[in-house]
Amino acid sequence: MAARATRMTQSANIGPPLMSSDLTPPVFRWNTDDIPVHHRFDQYVEMVRKNLISVTTRCSDTRGFKTDMQVSPLGRLRVASIGGSAKQSARTRQNIKASGDRAFHLVAGLTNWDFECRDQRIKLNATDLVLIDTEREYASRLPDGFRNHTVSIAPDVLRKWLSDPDRIVGKRLRGDKGWGHVLSTFVDQLVHLDVTRMPLPASVLEDQLGALITLSATDGVGRSEMRKSTQADLRGRIIESIRQRCTDIGLTAAQIAADIGISPRTLHRALSAGSETFGALLLTARSDVAYRMLISPQFDTLTIADIGFRAGFADESHFSRTMRARYGHPPAQLRRTRS
């Protein structure tokens with residue numbers, strides 16, 4: 001028996017003009033009610049692949065499997081609602097290679113469920129949300145009677161509001177309070193929106209969604225994760241700037257801070273969060289430069305003092321002490337014992 005799938009045609013406008021047109025794609029609805037039990041699970045996997053995403057799915061009871069799904073076009077978004085029997089899904093490297101364009105999926109569950117991404121497992125409560133990058137591997141475990149709402153978002157639409165979506169990909173966004181609650185409610189309303197009789201241009205709803213995701217990312221747990229990521233990014237910028245300028249005699253923390261547009265106090269605070277200091281990082285960078293020069297025949301014509309000066313050491317004795325402490329031998333011996 002053919003799969004039961006319907007596409008809703010556009011209704012005639014009644015009353016004030018609405019933001020719809022004859023070009024509005026139809027809503028796709030499908031369920032397993034009229035499908036033979038031995039075909040249900042396989043057809044479900046195929047329907048998800050065609051209408052939402054390619055994933056590898058398992059189910060412990062394929063003959064008892066039941067599900068329903070709805071996928072609605074909304075401008076450059078696609079809004080899906082899927083529910084039914086318990087299942088496990090994984091987005092594998094093979095799935096990614098076989099897929100088309102990249103997208104971000106914002107998923108809100110109406111039941112508790114488990115999600116795994118980047119070797120981190122999180123438990124999501126009802127109304128919690130998680131942002132998925134379709135170019136990353138992930139896995140999910142959904143209980144019997146689950147219901148998930150998914151909004152598929154084009155990357156440029158999301159980046160209009162969130163410059164670095166990767167900061168919150170795979171992170172739990174609480175849906176029980178603050179902006180996360182507003183976002184979860186908004187996603188639920190999108191699922192029930194009649195896309196054939198749009199009260200607003202789809203671009204307005206895209207912007208509202210992007211704004212709410214950004215607000216949710218800086219609220220509650222999302223704010224904590226963003227802060228950690230921002231601190232790590234800042235530390236990386238500081239270290240890279242030190243490496244690039246370490247050979248400058250008399251280099252100061254204030255100069256590095258000015259290079260990357262922060263205050264010296266912010267620089268020291270960012271490094272202290274990782275139990276690091278500007279002075280120690282500068283010595284490490286200079287020692288690395290000097291060591292590479294000492295073991296390279298290309299610099300055999302230079303004296304030990306010249307190498308130290310070129311690496312940023314103004315004092316030869318300080319250069320010698322630093323190299324002995326770091327590598328176990330003074331500069332001259334390091335040069336003689338190179339392999």
Side-chain angles (χ1 to χ4, degrees), residues 19-21 23-28 48-55 70-82 91-93 95-108 115 117-118 128-138 140 148-173 175 179-180 182-191 193 195-196 198-219 222-223 225-230 232-234 236-237 261:
M19 301 297 176
S20 61
S21 73
L23 299 179
T24 303
V27 176
F28 176 81
V48 171
R49 184 190 68 80
K50 287 183 176 180
N51 293 279
L52 189 61
I53 190 172
S54 174
V55 290
Q70 170 184 305
V71 182
S72 306
L74 186 58
R76 301 189 64 194
L77 308 175
R78 275 185 301 160
V79 184
S81 178
I82 302 177
R91 176 78 166 167
T92 66
R93 182 53 52 188
N95 296 139
I96 295 171
K97 288 181 179 179
S99 300
D101 294 338
R102 181 186 190 182
F104 289 95
H105 286 185
L106 181 66
V107 184
F115 180 78
C117 181
R118 298 172 172 172
D128 282 348
L129 306 103
V130 64
L131 185 68
I132 295 171
D133 182 347
T134 62
E135 289 192 349
R136 290 187 179 272
E137 297 175 78
Y138 67 84
S140 65
N148 274 12
H149 297 333
T150 301
V151 183
S152 179
I153 313 168
D156 60 318
V157 171
L158 183 59
R159 288 197 176 95
K160 177 180 177 182
W161 291 93
L162 194 64
S163 60
D164 186 11
D166 190 62
R167 291 180 177 178
I168 61 168
V169 165
K171 308 296 184 182
R172 176 192 176 211
L173 299 175
W179 288 110
V182 179
L183 176 61
S184 185
T185 303
F186 184 74
V187 169
D188 184 68
Q189 291 300 306
L190 289 181
V191 169
L193 182 67
V195 297
T196 67
M198 291 282 289
L200 294 169
S203 59
V204 174
L205 299 179
E206 293 170 9
D207 285 343
Q208 286 207 349
L209 179 68
L212 287 174
I213 292 174
T214 303
L215 290 168
S216 300
T218 57
D219 194 18
R223 178 184 302 164
E225 297 295 344
M226 289 278 282
R227 186 182 301 115
K228 291 177 183 177
S229 178
T230 301
D233 291 345
L234 178 57
R237 289 165 57 201

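Hydrogens, waters and symmetry mates are skipped; everything else that's a heavy atom, side chains included, is used.
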Heavy-atom pair of closest approach, residues Asn51 and Arg78: O-NH1, 2.5 Å

His105 versus Leu52, closest heavy-atom pair with distance: CE1-O, 3.9 Å

Step-by-step side chain to side chain contact (heavy atoms under 4.5 Å, CB included) determination, Phe186 to Leu205: CA-CA 10 Å; Phe186 184 74; Leu205 299 179; 4.3 Å; yes

Side chains of Thr150 and Val187 in contact at under 4.5 Å (non-hydrogen atoms): no

Leu173 to Ala217 - nearest heavy-atom pair and separation: CD2-CA, 4.3 Å

Asp101 atom CG: more than 12 heavy-atom contacts under 6.0 Å: no

Polar side-chain atom of Glu206 near backbone of Arg76 as donor-acceptor pair, under 3.5 Å: yes

Main-chain N/O of Val55 paired with Arg49 side-chain donor or acceptor, under 3.5 Å: no

Side chain to side chain, Thr214 and Trp179, heavy atoms closer than 4.5 Å: no

Nearest-0.5 Å distance, NZ of residue Lys97 to CD of residue Glu135: 13.0 Å

Check: Ser184 side chain, Gly180 main-chain N or O, donor-acceptor pair, under 3.5 Å: no

Rounded distance (nearest 0.5 Å) linking atom NZ of Lys171 with atom CG of Asp166: 9.0 Å

Any donor-acceptor N/O pair, Arg159 side chain to Pro165 backbone, under 3.5 Å: no

Closest contact, heavy atoms only, Ala103 versus Pro155: CA-CD, 4.2 Å

Heavy-atom check, side chain of Leu158 versus side chain of Leu106, under 4.5 Å: no

Residue pair Cys117 / Glu137, side-chain heavy-atom distance below 4.5 Å: no

Ile213/Leu209 under side chain to side chain contact (heavy atoms under 4.5 Å, CB included): CA gap, chis, key distance, verdict: CA-CA 6 Å; Ile213 292 174; Leu209 179 68; 4.0 Å; yes

Any side-chain heavy-atom pair of Val169 and Phe104 under 4.5 Å: yes

Taking every non-hydrogen atom, the tightest pair across Ser72 and Val195: CB-CG1, 4.1 Å

Atom of Gly175, atom of Leu129 and distance for their closest heavy-atom approach: CA-CD1, 4.3 Å

Side-chain heavy-atom pair Leu200, Gln208 within 4.5 angstrom cut-off: no

Heavy-atom check, side chain of Val151 versus side chain of Ile153, under 4.5 Å: yes

Side chain proximity check, Ile53 to Ile132, heavy atoms < 4.5 angstrom: no

From CA spacing to verdict: side chain to side chain contact (heavy atoms under 4.5 Å, CB included), Lys160, Asp207: CA-CA 8 Å; Lys160 177 180 177 182; Asp207 285 343; 3.1 Å; yes

Audit row: Val79, His149, side chain to side chain contact (heavy atoms under 4.5 Å, CB included) steps and yes/no: CA-CA 7 Å; Val79 184; His149 297 333; 6.0 Å; no

Candidate pair Thr185 and Asp188, rule side-chain hydrogen bond (donor to acceptor under 3.5 Å, both in side chains), full reasoning: CA-CA 5 Å; Thr185 303; Asp188 184 68; over 6 Å; no

